[in-house]
Each structure stands twice: as structure tokens, then as C-alpha cells.
Amino acid sequence: MPPEQSRIPQTARTPSGLRRANPRALPLGASARRARARPWTASRGRAAAAQAARERAELERGIRLRSLYLTIMGVVLAVAAVNVLLGSVGLIQENKARPLTDAERARYVAEDVARRWRAWPAGMVFPEELPYTALGRAQQYARRVGIAPEAACAAAVDAPVASVLRKHGCQAVLRATYVDQTSTFAVTVGVAVLPSEQARTDAAGELPVDDRVGVRPVAFPGTVTDTFGAAQRQRTGWVGAGPYIVFSAVGYTDGRTRASVPLEEQVNSEMWPVAETVAGRIARALGEPPDVPRCTQGNAC
């Protein structure tokens, strides 16, 4: 076997027989462990200073951004607080009790009167009994026979009247029939509902001047009024109150027609005063101004 080769590195030989040093061989006196490069102390100081400067710059930038954010948020919150404060002050001032102005009082009255035809029960619009003055100034009472269902304006009045009411926005007609204390006369009262007092005034100025037309009578079978119809009307009329035109039609309960009464025969002198009084009392109740509170929240302000 060939002799075991030595693991000790051999030096290279040159042709001249001189030995050449192994280039990988460490210099004489050098440690077998590879030497590590160490930075200079001054270099480490400069790096630490640069790192500290960068961190300080980042911190200062963060502080500036945070300060800017807090400033913006402070402004936004301040504006919102001012708006809330102003709104609260305005709401308090609005809700604070104060005396009503003349315009507010007038609006209160108009609105209260205008809703009565729906807000009041039928028995309040047409009371069961209404006083009137008979001959000799005797106090007597007209008695309600019945209340008709709410009707369309065109169905409750004659055509010449219906055209005027339709033109001015008539909404409905409420009707009831009364008899005098002796049950001699029948009186149908019709309440025409207009949108406003001004509409009522305009409509009233255009109504025909003819006591043969007006509200259509309502008869109630089984009562003394069961023969009371348009032909039995002896006279018609109307009176205004608020947004209402209160019509009346009066005739005899015995079925006597207007055509059957000779022109030279004067109708009963009590007939028209009874009808006029009954219709007038209903109109006054509907149009009577309510008690208006002194202040926006009652009578204390």
C-alpha cells in the first residue's frame, strides 16, 4: 500500500527547487481563527447619533401631526357646540311662554271656528231645542225633529245656489229640521261649509236674491214633517257666520204648498221670525269666537 500521505500542507516547489509559501497559509504569529473587522469607536458614536436624530425627527413630526389633528378637532367641536347652543337658545325662546300677537289670536279663532262642523257632535251643531220669541213676546221653543246625513253641496241646495257654492269650494252641507212649539211650521236649516270666511263672503255676494230657492227641505217619515218638501217651502233665507252660510227654509206642516196660498193671503206672521231665529242661533253658535289664551302656553306668560 502506498504510504499514508501526511495531512500537513506541503509547500509548493518551484522548478528551481525553492519552496513557495502556500498562499492560504496564515502569516507567522497570526491566530488560526480568522480575524473579525471591528468598527472604530467614533463610527459607532456617529451611527448612534444619526439614529437618535432620526427618532427625534419622527417624534417631532408625530407631535406636530397630533397637534394639528387636535386643533382641527377642537375647531370642529367648538363650531358644533356653538350651533347646539344657538339651537337650544332658539328652541327655548320659541317654547317660552309669551303673549300671543294679534295675528296669532286671529288665526287661533279662525282655525277653531273652521273645524267646528267636524269637531262638534251633531247635537251641538243642531241643539235639541232652540228658543224663539212668539207673538206677544212669549218665550217659546223650537224642537228638533231629526238630523239628516252629511250631503254634497249640489244635492242639498237648489241648482242656482249650488253653482255659486261649487264655484267657491263648498265642502258639504249639514241639515236638520225643526218644528215650532205648536208644530204648525217646519224649518229645515242647512249649514254650507266653505273653505274660509273670505270664501263665504264672496259666495254670499253671488247668491240669487230669490226666496223660492235655497236649501232643500228634509222630511222625516212618521213625524209632522213627513210632507215637508220643496213645494211646501213658503220662504227661504240665509245668514253668514265664519266660513259657514246657514240657510233656512220654512213652510207649513200640513202639506200646504206655496202655490196653494193665494198671493193676496198673507202667510202667518210668526212663520218667518221662527225660521230666522232658529237659523240665526245656529249660525251664532258656529261663528262665536272662542276664548283665546293670552299666551302661547295658556294664560300664564
Side-chain angles (χ1 to χ4, degrees), residues 86-132 142 144 147-148 150-154 156-157 161-176 178 187-209 214-215 236-248 275-301:
L86 292 177
S88 301
V89 171
L91 184 61
I92 292 173
Q93 291 294 331
E94 180 67 22
N95 293 330
K96 184 179 178 181
R98 58 172 177 78
L100 291 175
T101 64
D102 291 341
E104 289 171 333
R105 292 174 65 85
R107 184 167 62 252
Y108 181 94
V109 171
E111 290 176 353
D112 184 271
V113 171
R115 64 173 168 259
R116 287 177 180 173
W117 72 285
R118 285 195 181 278
W120 285 7
M124 193 170 178
V125 176
F126 299 113
E128 187 173 354
E129 290 187 339
L130 289 169
Y132 68 92
R144 188 189 70 212
I147 300 175
E150 178 184 320
C153 301
V157 297
V161 178
S163 62
V164 174
L165 296 182
R166 188 184 307 112
K167 175 182 175 182
H168 293 281
C170 179
Q171 302 175 42
V173 174
L174 312 178
R175 290 181 294 174
Y178 289 80
V187 181
T188 291
V189 178
V191 179
V193 182
L194 280 299
S196 65
E197 186 170 355
Q198 184 60 52
R200 185 267 298 173
T201 302
D202 295 340
E206 299 179 21
L207 289 175
V209 183
V215 64
T236 64
W238 60 267
V239 61
Y244 310 109
I245 298 178
V246 181
F247 294 93
S248 60
E276 191 175 36
T277 301
V278 170
R281 287 188 179 277
I282 292 173
R284 281 195 296 274
L286 284 170
E288 183 179 4
D291 293 332
V292 182
R294 292 178 49 250
C295 311
T296 54
Q297 296 183 4
N299 290 319
C301 54

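Computed from a predicted structure; not experimentally measured.
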Determine whether a donor-acceptor pair (N or O, by modelled atom type, separation under 3.5 Å) exists between the side chain of Arg200 and the backbone of Leu194.
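Answer holds: no.
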
What distance separates [X] [atom1] from [Y] [atom2], expressed to the nearest 0.5 Å?
{"X": "Tyr244", "Y": "Glu197", "atom1": "OH", "atom2": "CD", "answer": "11.0 Å"}
{"X": "Ser248", "Y": "Glu276", "atom1": "OG", "atom2": "CD", "answer": "7.5 Å"}
{"X": "Gln171", "Y": "Leu165", "atom1": "CD", "atom2": "CG", "answer": "11.5 Å"}
{"X": "His168", "Y": "Cys153", "atom1": "NE2", "atom2": "SG", "answer": "12.5 Å"}

Answer whether the closest heavy-atom distance between the side chains of [X] and [Y] falls below 4.5 Å.
{"X": "Arg116", "Y": "Pro290", "result": "yes"}
{"X": "Tyr178", "Y": "Pro127", "result": "yes"}
{"X": "Arg105", "Y": "Val109", "result": "no"}

If you take all heavy atoms of [X] and [Y], which pair is closest and at what distance?
{"X": "Ala192", "Y": "Phe247", "answer": "CB-CE1, 3.9 Å"}
{"X": "Ala154", "Y": "Ala162", "answer": "CA-CB, 3.9 Å"}
{"X": "Ala285", "Y": "Trp120", "answer": "O-CH2, 3.2 Å"}
{"X": "Ala114", "Y": "Pro243", "answer": "CA-CG, 4.0 Å"}
{"X": "Val113", "Y": "Gly287", "answer": "CG1-CA, 4.1 Å"}
{"X": "Pro293", "Y": "Leu100", "answer": "O-CD1, 3.0 Å"}

Chi angles and distances behind the side-chain contact (heavy atoms from CB on, under 4.5 Å) call for Leu207, Val161:
CA-CA 6 Å; Leu207 289 175; Val161 178; 3.8 Å; yes

Taking CD in Glu128 as the centre, count heavy atoms belonging to other residues, nucleotides or ligands within less than 6.0 Å. Is the count above 12?
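Atom CD in Glu128 is not crowded, with 12 or fewer foreign heavy atoms closer than 6.0 Å.
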
Could you go through Val189 and Val215, starting from their C-alpha distance and side-chain angles, then the distance that decides it, and tell me whether this counts as side-chain contact (heavy atoms from CB on, under 4.5 Å)?
CA-CA 8 Å; Val189 178; Val215 64; over 6 Å; no

Chi angles and distances behind the side-chain contact (heavy atoms from CB on, under 4.5 Å) call for Thr277, Arg281:
CA-CA 6 Å; Thr277 301; Arg281 287 188 179 277; 3.8 Å; yes

Criterion side-chain contact (heavy atoms from CB on, under 4.5 Å) on Phe126 and Ile282, from CA distance to verdict:
CA-CA 7 Å; Phe126 299 113; Ile282 292 173; 3.7 Å; yes

